[in-house]
Amino acid sequence: LNASVSSGSGNLHDVWELIDMMEKAGVAVDNYTMSILLKAVKSVRNETVVTQALQLLDKSGLDVCKDEILLNNVLETCIRHRDFRRLESILTNFTKSGLKASLHTYAPLIKAS
C-alpha cells in the first residue's frame, strides 16, 4: 500500500484495489493502512476520494485518539478539506483520551483549534 501511495502518480486506483483485496481476504484496515491512505488523500483535490477515505475510517471503527500518527493524518486531512464537524468531534475525543501530544501533534492541533 505504501509503495502505491509513494509512487506519486496521484492515481489512487491501485490503492483502492489493494484495500478491496485486503477486505475480501478478511484483513482489517488498521492504523497503518489508514495513516498511509490519509497521508495520500490529504493533498487530493477530488472530494469524492477524500469522502471515500473518511468513510473507510468510519467503517473501520478505529479510535484515532489511540495512535498519534493516525491522529495527525486525520487532523491534517480534515483541516485541508475543511471537515469542521469531524474536527470538532476528534478534538473533543482527544481531550478526553489522555493521549499525550508530541511536538509533531501540536501543529495540527493548533491549526484545528
Please report the interatomic distance NE2(H13) to CG(L18), rounded to the nearest 0.5 Å. 10.0 Å
What's the shortest heavy-atom distance between L57 and S60, and which atoms? O-OG, 2.6 Å
Q52 CD to I19 CD1 distance, which is reported to the nearest 0.5 Å: 8.0 Å
Give the minimum heavy-atom separation between V44 and V50, together with the two atoms involved. O-CG2, 4.1 Å
So, the side chain of S97 versus the backbone of F94: is there a donor-acceptor pair under 3.5 Å, distance only? yes
Does R86 have more than 12 heavy atoms from other residues, nucleotides or ligands lying within 6.0 Å of its CZ? yes
Value for CG (L38) from CG (L75), rounded to nearest 0.5 Å, stands at 10.5 Å
Side-chain heavy atoms nearer than 4.5 Å, only ILVMFWY residues, links allowed to pass through others: does that put L99 and L91 together? yes
If you measure from the Lys or Arg side-chain nitrogens to the Asp or Glu carboxylate oxygens, is any gap between E23 and K59 under 4.0 Å? yes
Distance (rounded to the nearest 0.5 Å) between H81 NE2 and N46 CG: 9.5 Å
Short side-chain to backbone donor-acceptor contact, E76 and K42, under 3.5 Å: no
If I take atom OG1 from residue T77 and atom NZ from residue K39, how far apart are they, to the nearest 0.5 angstrom? 11.5 Å
Heavy-atom nearest pair, C78 first then I90, reads SG-CD1, 4.4 Å
If I take atom OG from residue S35 and atom CG from residue D67, how far apart are they, to the nearest 0.5 angstrom? 5.5 Å
Is there a side-chain hydrogen bond (donor to acceptor under 3.5 Å, both in side chains) between H104 and E68 once you walk through the steps? CA-CA 9 Å; H104 297 287; E68 188 176 17; over 6 Å; no
Would the distance check show the side chain of T92 and the main-chain N or O of E88 forming a donor-acceptor pair, the cut-off being under 3.5 Å? yes
Specify the closest pair of heavy atoms between V41 and A53, including all atoms of both residues, with the distance to one decimal. CG2-CB, 3.9 Å
Do W16 and L56 have side chains that get closer than 4.5 Å, going by heavy atoms? yes
Taking the side chain as everything from C-beta on, heavy atoms only, tell me whether M34 gets closer than 4.5 Å to N73. no
Check the hydrophobic clustering (I, L, V, M, F, W, Y; side-chain heavy atoms under 4.5 Å; chains of links allowed) and say if L54 and I69 are grouped together. no
